[in-house]
Protein chains: 2
Amino acid sequence: MVKALFTPRSIAVIGASRTPGKIGYVVLRNIKGYGFPGKVYPVNPQADEILGYKAYPSILDVPDEVDVAIVTVPADAVPKVMEECGRKGVKVAVIITSGFSEVGNVELENRIVETARKYGMRILGPNIFGYVYTPSSINATFGPLEVAKGNIALISQSGALGIALMGWTIMNEIGLSALLSVGNMADLDVAELSEYLADDPNTRVITIYLEGIKPGKGGEFVEKMRKVTLKKPVVVIKAGRSRRGAAAAASHTGSLAGSDNLYEAAFKQSGIIRAYTVEEMFDIARAFAAQPLPKGENTIIITNGGGVGVLATDAAEFNDVKLLEPSQELREKLKTTMPWFGSAKNPVDLTGQAVVDNYVKALRIAAESSEVDNIVILYCRTAVLDPRDLAKAIVELYEAEHIDKTTVAGFVGGEDTYEAIKYLNRHNIPAYPSPERAVYALSKMVWYRRYLEARRALPQA
Amino acid sequence: MVKALFTPRSIAVIGASRTPGKIGYVVLRNIKGYGFPGKVYPVNPQADEILGYKAYPSILDVPDEVDVAIVTVPADAVPKVMEECGRKGVKVAVIITSGFSEVGNVELENRIVETARKYGMRILGPNIFGYVYTPSSINATFGPLEVAKGNIALISQSGALGIALMGWTIMNEIGLSALLSVGNMADLDVAELSEYLADDPNTRVITIYLEGIKPGKGGEFVEKMRKVTLKKPVVVIKAGRSRRGAAAAASHTGSLAGSDNLYEAAFKQSGIIRAYTVEEMFDIARAFAAQPLPKGENTIIITNGGGVGVLATDAAEFNDVKLLEPSQELREKLKTTMPWFGSAKNPVDLTGQAVVDNYVKALRIAAESSEVDNIVILYCRTAVLDPRDLAKAIVELYEAEHIDKTTVAGFVGGEDTYEAIKYLNRHNIPAYPSPERAVYALSKMVWYRRYLEARRALPQA
């Protein structure tokens with residue numbers, strides 16, 4: 001049944017509106033504008049047609065099967081709508097409407113869950129902004145129309161933050177497979193959606209903004225997520241980790257506040273990667289989305305600036321990234337691509353005189369060396385090397401040589417450096433505006449490799 | 001003598017070149033292009049005129065006093081040049097040339113220091129990219145021409161990073177008063193330059209990228225910096241804090257590697273604020289540069305999104321920012337500017353329905369309340385509130401009402417939100433793309449207030 005949410009043949013919008021600005025209008029406009037190729041049925045007793053689609057007074061009047069129903073009618077009208085959806089054979093009801101348990105209206109929420117159970121229907125929501133699944137060209141949210149396609153899934157327990165992040169991901173060119181607003185999680189919850197995404201070929205990494213798990217669901221969460229993380233990396237930002245923040249989260253979504261230690265333990269047991277800011281979460285996800293998993297522990301840093309090399313070295317040590325001690329042979333090879341005052345130790349310092357050729361040669365040597373598993377490319381803006389030229393050369397090299405050593409880049413500079421960072425990201429070299437963020441992202445990939453090795457060494461249940 | 005570096009009447013460039021791309025050309029071009037109003041004397045025995053300035057074969061031929069000499073000749077020619085500078089009465093020699101102690105050439109470095117001492121001349125460098133002091137319209141670097149004017153001073157022990165940060169500060173609209181490359185610190189060092197900047201009316205906050213203090217200079221560093229931090233906040237990023245990073249830093253600048261514990265202790269004793277990434281350093285500096293110091297501990301968070309409110313609450317607790325418990329009276333006032341399901345507790349949740357008026361009213365109430373010392377304004381992009389409208393309204397309110405409660409903003413969204421952030425920053429409301437970064441910056445201002453109170457309660461030496 002959950003599958004129908006992601007690959008529906010038809011979507012109804014119950015409470016579709018002709019009034020621009022209304023939620024029932026924006027959702028329909030987004031479904032249409034984002035190019036959903038299946039059938040779309042607005043339901044509105046006062047309209048014959050909305051946005052070019054024929055409208056129906058009730059979902060029961062739709063002359064076809066309906067896989068997904070987006071519900072935007074007021075809360076007190078939802079029970080009747082759910083009953084009709086059930087009778088119609090709707091597979092998933094996406095209830096955008098708010099005014100349920102999040103404002104204390106638990107009884108109303110229980111009622112719609114019972115109706116859904118009776119008919120074998122699933123619920124996403126209520127109290128959500130909708131959902132996106134880019135492989136099926138579905139944007140059924142009342143957020144922005146534009147969503148960049150990619151292979152990162154985002155599940156958000158906060159509606160406002162989720163919508164705000166839609167714009168943020170566009171600006172930062174973070175490509176999404178799915179964006180799922182889960183709201184009150186009356187039925188479908190973070191764990192079950194993650195289970196589905198774990199088998200989704202269009203998703204490589206799952207990111208989650210979590211405020212809390214429902215009381216009594218902790219064990220189930222761990223059990224399910226442990227299976228998910230065997231298949232795909234999961235990065236979670238857990239809000240409400242402070243005492244006061246937990247109280248705020250509890251009042252915000254009615255979820256179990258709980259001590260952060262409990263969550264920390266649950267994440268550890270589940271193999272979940274924890275991020276502490278939204279930026280961190282996407283920094284990590286971007287790396288997983290673009291790069292193959294590390295094949296080993298040994299990381300080499302290649303830089304044109306001593307300072308950023310030191311910062312990266314610090315970040316490596318504090319984040320448990322093992323820096324390679326290059327062999328005499330490897331050092332001698334690297335020495336051939338730098339001036340005499342460069343350093344072939346790790347960090348490999350090509351010096352501020354480095355031009356494209358020095359980097360390309362050093363990268364080729366690193367890529368060909370069996371000592372090296374992972375590569376961190378650092379760059380400081382210099383007058384002799386345009387960052388855009390360097391970015392292009394790196395992408396060319398990686399594509400031509402099919403380099404599959406896990407690689408991240410940290411480039412420091414102004415506008416042209418920012419362009420180079422974007423170029424690298426568009427071509428699957430995860431790139432960041434600082435050495436620390438690059439190393440941090442890599443550290444989580446290295447950690448995940450270790451985690452998988454350890455899990456796979458165990459007999460599986 | 002140090003003063004002459006910042007307010008010279010004349011600058012000579014020894015080793016000035018007519019060849020675009022050469023350091024001796026770029027420095028002169030930047031001095032001219034950035035509009036230094038004093039006299040400029042290129043020194044080059046092979047040229048009559050460079051970039052429109054009359055050139056002289058030796059500094060001794062310049063028919064005028066020279067306050068600052070920028071030295072770009074090769075290392076082995078520097079001793080003779082220094083001797084001539086001394087005889088000429090140059091006050092500060094800015095030695096860009098490298099090839100001294102950083103490559104083991106300690107003897108050569110000692111020689112130029114002796115020459116300087118003999119003549120009472122000061123040295124900035126060697127092995128630097130030059131320096132900038134925007135109030136005097138000086139850009140004597142071989143980095144980019146453009147430098148945004150402002151009141152943040154940056155001292156960098158790394159040349160490559162310093163130059164890269166020139167572009168970075170432009171892109172991020174971070175206004176600088178001074179940018180001082182210190183390189184080998186043969187004479188002028190971080191502490192002495194900080195002492196000068198502490199009394200510089202054009203500098204509000206001092207930021208430092210530090211790799212290490214010279215052996216034996218630790219006590220002096222603490223003693224001087226303790227005086228500086230009584231006058232101005234100092235934010236330091238210390239590279240080489242890991243074991244391996246320290247070794248890399250030592251080989252990079254020849255500075256004392258030392259255990260990070262020693263540095264940590266020195267910073268604590270000196271009242272220095274420590275940042276862990278370049279981004280953090282400027283996040284903090286931006287807040288100090290734009291806002292008055294907090295007058296008390298009580299902070300209120302005003303938001304339109306529960307999720308970001310929770311994230312900010314977490315950040316407040318972990319960074320030791322005390323959140324106000326609003327009185328009944330204050331809560332009732334705040335209640336008048338939100339729908340019934342909003343929250344007048346702290347974080348104050350205006351809900352996703354909030355428009356400009358709700359924010360303005362809430363901010364006015366907070367500003368007028370004697371309970372509130374500091375304000376965190378949070379915003380998540382919603383369809384009903386354009387972030388640019390909100391930013392404008394905030395700036396108008398703060399300017400019209402002369403609100404002097406310490407305020408930071410965290411806005412989450414896409415391109416238009418990014419524009420709003422820029423607008424706020426340009427108008428002295430420090431704004432960040434996440435709630436965590438806003439609270440983090442505020443936390444350092446709150447800490448600094450506490451620090452000053454404690455210091456001022458002590459009898460001063």
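Worth saying up front: this structure is predicted, and the values here are computed from it rather than measured.
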| What are the two closest non-hydrogen atoms of E436(B) and Y276(A), and how far apart are they? | OE2-O, 3.8 Å
| query | Side chain, backbone, both or neither: which part of E415(A) has a non-hydrogen atom closer than 4.5 Å to chain B? | reply | both
| task | Measure distances from V103(B) to the heavy atoms of chain A and classify the residue's part below 4.5 Å as side chain, backbone, both or neither. | result | side chain
| CD of E146(B): more than 12 outside heavy atoms within 6.0 angstrom? | no
| message | Minimum heavy-atom separation for G305(B) and A160(A), please, with both atom names. | response | CA-CB, 3.9 Å
| said: Does atom NZ (K422(A)) have a neighbourhood of more than 12 heavy atoms from anything else shown, all under 6.0 Å? | reply: yes
| said: Quick check on the interface: out of N346(B), T417(B), N172(B), who has the most heavy-atom pairs with chain A under 4.5 Å? | reply: N346(B)
| query | From C380(A) SG over to W168(B) CH2, what is the distance, rounded to the nearest 0.5 angstrom? | reply | 12.5 Å
| remark: Pair count under 4.5 Å, heavy atoms only, with chain B: among W340(A), F318(A), F341(A), highest is F318(A)
| Which one of P433(A), G413(A), S434(A) has the most heavy-atom pairs closer than 4.5 Å to chain B? | G413(A)
| When heavy-atom pairs shorter than 4.5 Å are enumerated against chain B, which of G167(A), S242(A), G309(A), A312(A) gives the highest number? | S242(A)
| task | For the residue pair L165(B) and V412(A), establish whether any side-chain heavy-atom pair is separated by less than 4.5 Å. | result | yes
| request: Measure distances from D416(A) to the heavy atoms of chain B and classify the residue's part below 4.5 Å as side chain, backbone, both or neither. | output: neither
| query | Which residues pass the ring pair (Phe, Tyr, Trp, His ring centres under 6.0 Å) test with F129(A), sequence neighbours left out? | reply | none
| query | Among S156(A), P387(A), G245(A), which residue forms the greatest number of heavy-atom pairs with chain B at distances under 4.5 Å? | reply | G245(A)
| Contacting region of R243(B) [heavy-atom separation from chain A under 4.5 Å] | both
| Within residues 298-326 of chain B or reaching into it, pairs that qualify as salt bridge (charged side-chain N to carboxylate O under 4.0 Å, His left out) - sequence neighbours excluded | R244(A)-E325(B), D320(B)-R450(B)
| field | Proximal component of F411(A), with respect to chain B [non-hydrogen, under 4.5 Å] | value | neither
| remark: One should read off an interatomic distance between E211(A) CD and L311(B) CG, to the nearest 0.5 angstrom, of 7.5 Å
| request: Would you give the length of the straight line joining atom CZ of R381(A) to atom CG of L161(B), rounded to the nearest 0.5 angstrom? | output: 14.5 Å
| request: Mark yes or no for whether Y209(B), through its side chain, and G307(A), through its backbone, hold a donor-acceptor pair below 3.5 Å. | output: yes
| Side chain, backbone, both or neither: which part of L323(A) has a non-hydrogen atom closer than 4.5 Å to chain B? | both
